[in-house]
Amino acid sequence: MKKQERRTFIKNTLLAGIATYVGLPMVYAENFPTGMEPIGLLDKTLPIALPGKSDKMTVLNDRPVNAETPAHLLDEELTPNNLFFVRNNGIPPARVDVDKWTLTIEGESASQSKTYTLQDLKTKFKNVTLQLTLECGGNGRSEFNPPAKGNQWSTGAVGCAAWTGVRLADVLKDVGIKNDAVYIGYYGADDHLSGDPKKQSISRGVPIKKAMEAESMIAWAMNGQEIPVLNGYPLRLVFGGFPASCSGKWLEKIVIRNKVHDGQKMQGQAYRTPCKPVAPGTKVKDEDMCIIEEMPVKSLITYPQTGATIQLAQTLPIRGHAWTAAPTIKAVDYSIDFGKTWTSCTLIAGKNRYAWQRFEGEIKFPQVGYYEVWARATDANEDRQPIILPGWNPKGYLNNACHRIAIKVV
Ligand SMILES: Nc1nc2c(c(=O)[nH]1)N[C@H]1C(S)=C(S)[C@@H](COP(=O)(O)O)O[C@H]1N2
Ligand SMILES: [Mo]
């Protein structure tokens, strides 16, 4: 990390009152003089810990913060808060006063403008807890060739948590939705990287039909705890099945629009793929790019860790999760012969729609050697993961190729 970047990063985390130094909170951080660097951090050999996050995460960037989760650390039914991936486009709000936090709903297709405190949301509407999978549209980007610019996510920009909050539909209905509503857009309290208060780092949204789904939420808790600062504390949107970029963090405002929301990163090439497939490397005009809506079927092997060694006499248990925007996952199969034959796994039903589903299998290997275990999910729409790579696209979105792990049988 460059010195200037490091300084800004430290200053920002300090201001947030959430500075962590090798995983510990910095006590009395509010007294620490601005412009001074903690002596511990001047020692470049010490790792910088992300606030509220495990040091086992892979940090891709620290300004803005982007970190993903190694596959074997996603083995639990629900992703622990300290292991849930982070994708920030800007700088999280410096200070959050929960008691003063408000959410305003307005827009040309809202019958009125209405502002709620967190307490209002918690008490006026039915509280729900749902297991929802969030996956960044760019997860898997690192495999595309020619490479696409942006965070080089491998497989870990995904997680599934139990989110507690209210249904977005209940709140929108309380405000009143005009007949001409087509989209909702969000605004969060994070700052643009430039520091310009007039600029948004990101302001995306979803079609009104998606907003009104029973699983579309405004959440204040994650796995029964406060949402980590880096994941949107104290309030965020959560939409399963759509790119996670739609799930606005540090949520302050929702606009009900009479046209497709035109906020930051809704236009141009961002979060869009070519409307018609293109050859790898093709430059595609903005008007030929379409907004990503439903995320494709996908799965991840979370046990064992890639590279595991087993004895020939042993049976290898495997497991992982599969998810889709379709109503359910229908099947997960595995192959140990590079896709020639497939064996079906046991599949466990999800708690609710958009929860990822556990799959399990047991493998007996025929002889000593190097193997790969490939997993392939098929959903209720009969959509199935491609073995190698799906269609190339300029920004490297939607890579739902089969996950592969290496196994040594000795
Ligand atoms: N306000 C705000 N919301 C945001 C973002 C952001 O930078 N600012 N990033 C988006 C993107 S691109 C993704 S993939 C998800 C990531 O959510 P997570 O960091 O909680 O995993 O948040 C989305 N919501
Ligand atoms: Mo994202």
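Just so you know, ligand 1 is whichever comes first in the structure, and atom 1 is the first atom listed for that ligand. For the single chain, residues carry numbers from 1 onward in sequence order. Quick caveat, the model's predicted, so the values are computed rather than measured. Keep in mind that the numbers below use all heavy atoms, side chains included, and drop hydrogens, waters and symmetry copies.
For ligand 1, the atoms lying closer than 4.0 Å to a non-hydrogen atom of S247 are 22 (O), 23 (C), 24 (N). The contact set between ligand 1 and F84, taken as ligand atoms under 4.0 Å from a residue heavy atom, comprises 21 (O). Heavy-atom contacts of N88 reach the following atoms of ligand 1: 7 (O) (cutoff under 4.0 Å). If you number the atoms of ligand 1 from 1 as listed, the ones under 4.0 Å from a heavy atom of Y186 come out as 3 (N), 4 (C), 24 (N).
A donor-acceptor contact closer than 3.5 angstrom links the side chains of S335 and D337.
In this structure, R141 forms a cation-pi arrangement with Y397, its terminal cationic atom sitting closer than 6.0 Å to the ring centre and no more than 45° off the ring axis.
In this comparison of D190, L251, V238, the heavy atom closest to atom 8 (N) of ligand 1 sits on D190. Distances from atom 13 (C) of ligand 1 to the heavy atoms of G248, A67, A244 put A244 nearest. The option with the heavy atom closest to atom 20 (O) of ligand 1, from among R236, M222, R204, E135, is R236.
If you check which protein heavy atom lies closest to atom 6 (C) of ligand 1, you get I202 CG2, 3.3 Å. At the shortest separation from atom 19 (O) of ligand 1 among protein heavy atoms lies K249 NZ, 2.5 Å.
Considering backbone and side-chain atoms alike, S245 places every N or O at 3.5 Å or more from each N or O of ligand 1. Some N or O of F85 is nearer than 3.5 Å to an N or O of ligand 1, by distance alone. At under 3.5 Å, not a single nitrogen or oxygen of Y271, backbone or side chain, sits near a nitrogen or oxygen of ligand 1. Taking only nitrogen or oxygen atoms, main chain and side chain alike, N231 reaches within less than 3.5 Å of ligand 1.
Salt-bridge check for D174 with K124: failed, with every basic side-chain N at 4.0 Å or more from each acidic carboxylate O. Salt bridge absent: E360 and R319 never bring a charged side-chain N and a carboxylate O closer than 4.0 Å. A salt bridge does not link K249 to D190: none of the charged side-chain nitrogens sits closer than 4.0 Å to a carboxylate oxygen. Classification of D75 and R358 as a salt-bridged pair holds, one side-chain N sitting under 4.0 Å from a carboxylate O.
Contact between V86 and ligand 1 is present, with at least one heavy atom of the residue lying under 4.0 Å from the ligand.
Contacts between N89 and ligand 1, counted as non-hydrogen atom pairs separated by less than 4.0 Å, involve both the backbone and the side chain.
Proximity of the aromatic rings of F242 and Y271 is defined here by a centroid distance below 6.0 angstrom, and this criterion is not met.
With rounding to the nearest 0.5 Å, the separation of CZ in R87 from CG in N139 is 12.0 Å.
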F338 vs W374, ring-ring contact (aromatic ring centres under 6.0 Å, His included): CA-CA, chis, key distance, verdict: CA-CA 7 Å; F338 306 114; W374 295 3; 5.8 Å; yes

